There are 2 protein chains.
Amino acid sequence: MSKTKALPLIESTGRQSVEPCCPPLTERPFTADEAETAARMFKALGDPVRLRLFTLIASHEGGEACVCDISDVGVSQPTVSHHLKKLKEAGLLTSERRGTWVYYRVEAPALAGMSQLLPHTPAPSPASA
Amino acid sequence: MSKTKALPLIESTGRQSVEPCCPPLTERPFTADEAETAARMFKALGDPVRLRLFTLIASHEGGEACVCDISDVGVSQPTVSHHLKKLKEAGLLTSERRGTWVYYRVEAPALAGMSQLLPHTPAPSPASA
DNA sequence: CGCTTGTTTCGACGACTGTCGATATCTGGT
DNA sequence: ACCAGATATCGACAGTCGTCGAAACAAGCG
């Protein structure tokens with residue numbers, strides 16, 4: 001019944017440049033819809049356990065990892081599964097079963113879409129000059 | 001009583017290059033501490049109302065705005081104040097009173113620190129060939 | 001000094017979230 | 001067919017979160 005749709009936050013155009021859901025945070029005020037979409041991304045990474053799981057997978061070989069490899073973050077196995085599901089619903093991960101094991105993989109375009117929300121400026125420090 | 005300390009997530013070195021709290025998400029598994037710190041940032045932006053307030057301020061002239069300018073996001077004024085406080089505690093905003101009004105300003109270094117958590121790669125699309 | 005306007009704090013309430021143990025499902029091997 | 005290991009789902013529970021109205025606090029003005 002939950003309306004958790006796995007919207008990938010970026011359009012999978014198959015191109016090199018991703019289509020972010022929203023402009024950079026500093027460009028213009030977000031509409032309610034944009035805020036809703038972008039907030040879902042940030043929220044997904046807004047939990048320490050999820051962040052650890054994500055970095056665990058992202059830094060793993062090939063950007064993917066078996067659940068059995070990342071189940072050691074201090075919470076029970078059901079909780080790990082729960083968080084992986086959340087990340088998957090947020091479009092940040094995909095999963096694939098290979099025999100007995102399930103492998104989670106980083107959805108790189110989604111991550112790239114997120115990165116485009118933040119300005120890449122080298123922190124304009126007015127105190128410098 | 002709340003242990004909400006406004007840790008700015010990056011070191012205010014006064015330099016052009018900011019000191020991010022953690023390496024990029026894809027570089028290596030975060031420690032529990034790193035995950036805690038980074039999650040706090042993402043969490044702060046993980047609410048639609050906060051995101052709208054933030055973009056409202058960030059896109060405002062000079063990267064700052066009076067509370068009276070941004071109180072129209074669909075929630076009550078106390079709630080706006082509550083969210084602004086949260087963003088401030090996360091180190092993403094600062095506030096300053098000028099006479100009757102209070103101005104909130106984007107803490108650019110914090111934003112830059114966040115941006116360094118996400119890989120700036122142009123989304124490696126394996127389907128491109 | 002008291003009124004008005006702008007902003008924050010307080011207290012309460014419902015909703016959501018992270019967590020767990022128990023259980024179900026899936027897969028491969030015996 | 002059965003069992004064992006891996007993962008997901010379920011149901012429950014405590015804690016957090018977003019929200020509000022009421023009230024407090026701050027600043028300017030008459």
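A note on names: the letters A, B, ... follow the listed sequences, proteins ahead of strands, and every chain is numbered from 1. A quick note: this is a predicted structure, and the numbers were derived from the prediction, not measured.
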Are the side chains of B/V106 and B/L93 in contact, using a 4.5 Å heavy-atom criterion?
yes
Quick one: which of D/dG18, C/dT8, D/dT9 gets closest to the side chain of B/R50?
D/dG18
Name the nucleic acid region contacted by B/Y104, choosing base, sugar-phosphate or nothing; use a 4.0 angstrom heavy-atom cut-off, strictly under.
sugar-phosphate
Nearest-angstrom distance from the residue atom CG of A/L53 to C1' of C/dG18:
13 Å
In whole angstrom, what separates B/Q77's CD from D/dC25's P?
17 Å
Taking CZ from B/R40 and P from D/dC17, how many angstroms apart are they, rounded to a whole number?
11 Å
Please determine whether residues B/L92 and B/V102 belong to a single hydrophobic cluster, defined as Ile, Leu, Val, Met, Phe, Trp and Tyr linked transitively by side-chain heavy-atom distances below 4.5 Å.
yes
If you only use heavy atoms from C-beta on, which nucleotide in D/dG18, D/dT7, C/dG18 is closest to the side chain of A/C68?
D/dT7
Short side-chain N/O contact from A/K85 to OP1 or OP2 of D/dT7, under 4.0 Å:
no
Atom-to-atom span, CD1 of A/I57 to P of D/dT7 - whole angstrom:
12 Å
Looking only at C/dT5, D/dG18, C/dG18, the nucleotide nearest the B/T100 side chain is C/dT5
By nearest atom, which of the nucleotides D/dT7, C/dG28, D/dA27 is closest to the A/V102 side chain?
D/dT7
Below 4.5 Å, heavy atoms only, C-beta onward: do A/R50 and B/F42 meet side chain to side chain?
no
Winner on side-chain proximity to A/V75, out of D/dT19, C/dC20, D/dA22, is C/dC20
Would you call B/I57 and B/Y103 a side-chain contact if the rule is heavy atoms closer than 4.5 Å?
no
Is it the case that one hydrophobic cluster holds both A/W101 and A/V80, taking links as side-chain heavy atoms less than 4.5 Å apart, direct or via other members?
no
Of the listed nucleotides (D/dA6, D/dA8, C/dG18), which one gets closest to any side-chain atom of A/S81?
D/dA8
Whole-Å gap separating P (C/dG18) and NE2 (A/H82):
5 Å
For the side chain of B/P78, starting at C-beta, report the closest nucleotide among C/dT9, C/dT7, C/dA22.
C/dT9
Can you tell me how far C1' of C/dT8 sits from CD1 of B/I70, to the nearest Å?
14 Å
Under 4.0 angstrom between A/T79 side-chain N/O and C/dC20 OP1 or OP2
yes
Can you identify which nucleotide, out of C/dG18, D/dT7, D/dC17, has its nearest atom closest to the A/W101 side chain?
D/dT7
Interatomic distance, A/E96 CD vs D/dA8 C1' [rounded to whole Å]:
17 Å
Have a look at B/V80 and say if it touches a base, only the backbone sugar-phosphate, or nothing, with a 4.0 Å heavy-atom cut-off.
nothing
Starting at atom CZ of B/R97, determine the distance to atom P of D/dC25, rounded to an integer number of angstrom.
13 Å
Return whichever of A/H83 or A/G99 has its heavy-atom-nearest nucleotide of DNA chain C closer to the 5' end.
A/H83
What's the separation between atom CZ in B/R40 and atom CD in B/E89, rounded to the nearest 0.5 Å?
10.5 Å
Side chain of B/K43 only, heavy atoms from C-beta on: which candidate in D/dC17, C/dC26, C/dT8 is closest?
D/dC17
Can you tell me which nucleotide in D/dG21, C/dT7, C/dG6 comes closest to the side chain of B/S76?
D/dG21
